[in-house]
2 protein chains.
Amino acid sequence: MQRMTRQRAAVSDLLAGTDDFRSAQQLHEMLKDRGEGIGLATVYRTVQVMADNGDLDVLRNADGESLYRQCASRGHHHHLVCRRCGATVELDAASVEKWAATVGAQHGFTAVEHTAELFGLCAECTARQQSEDS
Amino acid sequence: MQRMTRQRAAVSDLLAGTDDFRSAQQLHEMLKDRGEGIGLATVYRTVQVMADNGDLDVLRNADGESLYRQCASRGHHHHLVCRRCGATVELDAASVEKWAATVGAQHGFTAVEHTAELFGLCAECTARQQSEDS
DNA sequence: CGTCTCATGCAAACGATTCTCACTCTGCCG
DNA sequence: CGGCAGAGTGAGAATCGTTTGCATGAGACG
Ligand SMILES: [Mn+2]
Ligand SMILES: [Mn+2]
Ligand SMILES: [Zn+2]
Ligand SMILES: [Zn+2]
């Protein structure tokens, strides 16, 4: 019921070889550069399906854009993301999980979910930044 | 250099008497209901100025809309928000602060910021939900 | 191959937010 | 008190990421 097409393969391949969070538009651009003809709408649709299947992680950056990434760990986890280049570190955060569960229950809330992401400048982008400033 | 206008007073008053997170559009609607004539763009501008001044907290809901609230504590803190009605509990989260600081440094990131919000159904909305389901 | 569908591409539609610009009103000075 | 400079306002146009409608294309399976 889910067909394998050239376009899906291309998106899937691209994401498999990328370890930074990328927006749908960036992915579309990268595919064009690779010589893959693919419609922007198709990228959006594909990336959404993959996210729904749990094959991709999604997060919103400060501008509200959705960024996608194929993470190594498939279970629930969090991220430390470079806001300049998208470089990402996957994080486990037992303390945060505990906090979320406890606090939600304490206040009588149900179906509690949480978001917890860290954004900063990775070491490389920090260095680049400093040489620019001088 | 910052002038007090009828519109700003109205928005400020409204927020002072509301303790749920609300979108700019909701606020605009509420003001219209109160009989306050005010443009939507003005609500957006006002709410932004107030947020820049640190008078309001902002967060993005799952749909990416910005929600505003005048919090009791003016320092950095987090929230437990009802995704149905906007009811909010302010949270301190020392464990989360510690986690964010530690992890960022460990990976050589600088200028690290974090988001951490809990979304659920408040006790009241949970009850309402269950009676609907039956 | 042929058929049945799901997938694709393009353009139009969306929706929250921002911007433009002519007009209004606040805060201040004389 | 007027009078003015310039911040503030409102209506609508513009943005921009994302979604959708629809005619066309192409997997899967016999
Ligand atoms: Mn978690
Ligand atoms: Mn914090
Ligand atoms: Zn970086
Ligand atoms: Zn509620």
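Chain letters run A, B, ... following the sequence lines, proteins first, then strands; residues in each count from 1.
Contacts of B:Ser23 with the nucleic acid, taken as non-hydrogen atoms under 4.0 Å apart, are absent. A:Gln26 comes within contact range of no nucleotide atom at all, as no heavy-atom separation falls under 4.0 Å. Backbone-only contact: B:Gly37 has heavy atoms under 4.0 Å from sugar-phosphate atoms and none from a base.
With C:dA16, C:dT5, D:dG10 as the choices, the nucleotide that has an atom nearest any side-chain atom of B:Glu65 turns out to be C:dA16. Distance from the side chain of A:Ile38 is smallest to C:dG9 among D:dG8, C:dA7, C:dG9. Among D:dA28, C:dG27, C:dA7, the nucleotide with an atom closest to any side-chain atom of A:Arg8 is C:dA7. Closest contact between the side chain of A:Tyr44 and the listed nucleotides C:dT18, D:dT19, D:dT9 involves D:dT19. The nucleotide whose nearest atom lies closest to any side-chain atom of A:Arg3 is, among C:dC6, C:dG9, D:dT18, C:dC6. Listed nucleotides: C:dG9, D:dT18, D:dG10. Nearest to the side chain of B:Thr42: D:dG10. Of the candidate nucleotides D:dT18, C:dG9, C:dT17, D:dT18 has the atom nearest to the side chain of A:Ala24.
As a whole-Å value, the separation of B:His28 NE2 from D:dT9 C1' is 12 Å. Between B:Met4 atom CE and C:dG27 atom C1' there is a gap of 12 Å when expressed in whole angstrom units. When rounded to the nearest whole Å, the span between CZ of A:Arg6 and C1' of D:dA26 equals 11 Å. One can place CD of A:Gln25 at 12 Å from C1' of D:dT15, the figure rounded to the nearest angstrom. Rounded to an integer number of Å, the gap from NZ of A:Lys32 to P of C:dG9 is 13 Å. Taking atom CD on A:Glu29 and atom P on D:dG17, their separation rounds to 12 Å, with Å as the unit. Rounded to whole angstrom, the span from the CD atom of A:Gln2 across to the C1' atom of D:dA28 amounts to 13 Å. Whole-Å rounding puts the A:Arg22 CZ to D:dG17 C1' distance at 18 Å.
The backbone N or O of B:Leu121 sits less than 3.5 Å from a side-chain atom of B:Thr126, completing a donor-acceptor pair. In this structure, the side chain of B:Gln70 does not engage the main chain of B:Asp19 through any donor-acceptor pair within 3.5 Å.
Judged by distance alone with a 3.5 Å cut-off, a donor-acceptor contact links the side chain of B:Arg45 to the base of D:dG10.
Nearest-nucleotide positions on DNA chain C for B:Tyr68 and B:Met1 put B:Tyr68 closer to the 5' end. When the nearest nucleotides of DNA chain C are assigned to B:Leu40 and A:Ala41 by heavy-atom distance, the more 5′-ward of the two goes with A:Ala41.
For B:His114 and A:His78, the gap between ring centers reaches or exceeds 6.0 Å.
The shortest distance between side-chain heavy atoms of B:Arg84 and B:Glu124 does not fall below 4.5 Å. A:Leu59 has its side chain within reach of A:Phe21: a pair of non-hydrogen atoms, C-beta onward, lies under 4.5 Å apart. Within the 4.5 Å cutoff, the side chain of B:Phe109 has heavy atoms near those of the A:Val89 side chain.
Note on B:Gln7: every side-chain N or O is 4.0 Å or more away from OP1 and OP2 of C:dC25. The phosphate of D:dT9 (OP1 or OP2) has a side-chain N or O of B:Thr5 nearer than 4.0 angstrom.
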(request) Please lay out, stage by stage, how A:Leu118 and A:Leu91 fare under the test side chain to side chain contact (heavy atoms under 4.5 Å, CB included). (result) CA-CA 10 Å; A:Leu118 309 188; A:Leu91 305 171; 4.0 Å; yes

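With respect to the salt-bridge test (charged N to carboxylate O, under 4.0 angstrom), the residues B:Glu36 and B:Arg6 qualify.
Two end axes, each from the C1' atoms of five base pairs, can be drawn for the helix from C:dC1-D:dG30 to C:dG30-D:dC1; they diverge by 30°, to 10 degrees.
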